[in-house]
Amino acid sequence: MIVAVDGPAGAGKSTVCRLLARELGYTFLDTGAMYRAVAWALRRQFPDGTEAESIRQAPLDESFPLRFDIQDADLRIFFSGAPLGDEIREPEITRLASSVSQLAWVRSYLVGWQRRLSADGRVVAEGRDTTTVVFPEAEVKVFLTADLATRARRRFQEYLAKGISVEYTTLESQIRERDEADSKRPISPLRPAPDARVIDTSRLEISQVVLILVDIVRSRERADPPRIEAGP
Ligand code: DC
């Protein structure tokens, strides 16, 4: 069973998917972390290059020293054999990840990895295009959303908790602009797959959203139990 979850920034996708995967005993595949890892690796390999040059020069194939693996039901990322962690969350990498995620060949490199990592099933895959491009056959597809004010408020509180000061109104207009750009981009635009369940989380607690999703997955599992292969 593959559970694919998409939706706009601030809808609670990451938190919900991490908890959902834990509750189900599934692997959590954070595809955003993979785009961040490519951005980080490009910056490391071409520290002096401009963004455009770095991206053009990178041969994203087996020779590229980035590796992904699933360990203890979680995505692990390695660059030249060394694990990558929170360095991929830095603001510069966030910005670069957004640019590299618009390139078709970066997407196809990562989509290949995402499918290989999920070959055994029992995966909650979170991120743009997981419901449309990466796993069009996913048994459960969910589009998590929330109104703009709620999403801005959640982001604002996240920043506060991290001790980062930011103006609420600036944050709200940034999210509005990002929504606009994301929905209009030519490759993998932000929009629900036609067969996705759209869940508005504006008036729900995280725990309520997780419960709703556990219910959806469990009833799908009951409708479609895993096949047990007969012995020889
Ligand atoms: O979810 P995030 O902020 O960690 O994602 C990092 C960047 O990658 C962000 O610009 C969105 C992009 N992304 C994408 O284009 N496709 C995905 N499947 C996941 C993330």
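Bear in mind that the values here come from a model prediction, so they are computed numbers and not experimental data. Numbers here simply count residues along the sequence, with the first being 1. Atoms within each ligand, like the ligands themselves, are counted from 1 in listed order.
In this structure, atom 11 (C) of ligand 1 has no protein heavy-atom contact shorter than 4.0 Å.
Heavy-atom proximity to Thr31, at under 4.0 Å, picks out these atoms of ligand 1: 17 (C), 18 (N), 19 (C). Close approach of ligand 1 to Arg36 is summarised as follows: ligand atoms under 4.0 Å from at least one heavy atom of the residue are 2 (P), 3 (O), 4 (O), 6 (C). When each atom of ligand 1 is checked for a heavy atom of Arg107 under 4.0 Å away, the hits are 14 (C), 15 (O), 16 (N), 17 (C), 18 (N). Counting the atoms of ligand 1 from 1 in the order shown, those under 4.0 Å from a heavy atom of Tyr35 are 8 (O), 13 (N), 14 (C), 16 (N), 17 (C), 18 (N), 19 (C), 20 (C). Under a 4.0 Å criterion applied to the non-hydrogen atoms of Gly127, ligand 1 contributes the atoms 18 (N).
Checked by distance only, ligand 1 and Glu126 stay at 3.5 Å or farther apart across all their nitrogen or oxygen atoms. Ligand 1 has an N or O atom lying under 3.5 Å from an N or O atom of Arg128, backbone or side chain.
When hydrogens are left out, the protein atom nearest atom 1 (O) of ligand 1 is Gly32 CA, 4.0 Å; that is the closest non-hydrogen contact. If you check which protein heavy atom lies closest to atom 7 (C) of ligand 1, you get Ala97 CB, 4.0 Å.
Atom CE in Met34 sits 11.5 Å away from atom CZ in Arg107 (nearest 0.5 Å). Rounded to the nearest 0.5 Å, atoms CD1 (Ile70) and CZ (Phe28) are 10.5 Å apart. One finds the CD1 atom of Ile2 at 11.0 Å from the CD atom of Gln114 (value rounded to the nearest 0.5 Å). Note that the CZ atom of Arg153 and the CG atom of Leu160 stand 12.5 Å from one another [nearest 0.5 Å]. Here the straight-line distance linking atom CZ of Arg89 with atom CG of Leu84 works out to 11.0 Å at 0.5 Å rounding.
Looking at Arg176 and Glu172, a side-chain N of the basic residue comes within less than 4.0 Å of a carboxylate O on the acidic one, giving a salt bridge.
Using modelled atom types, one side-chain atom of Ser202 and one backbone atom of Asp147 make a donor-acceptor pair closer than 3.5 Å.
Looking at Thr31, Asp30, Thr94 one by one, the single match for side-chain hydrogen bond (donor to acceptor under 3.5 Å, both in side chains) with Arg36 turns out to be Thr94.
Heavy atoms of Asp129 approach ligand 1 to within less than 4.0 angstrom.
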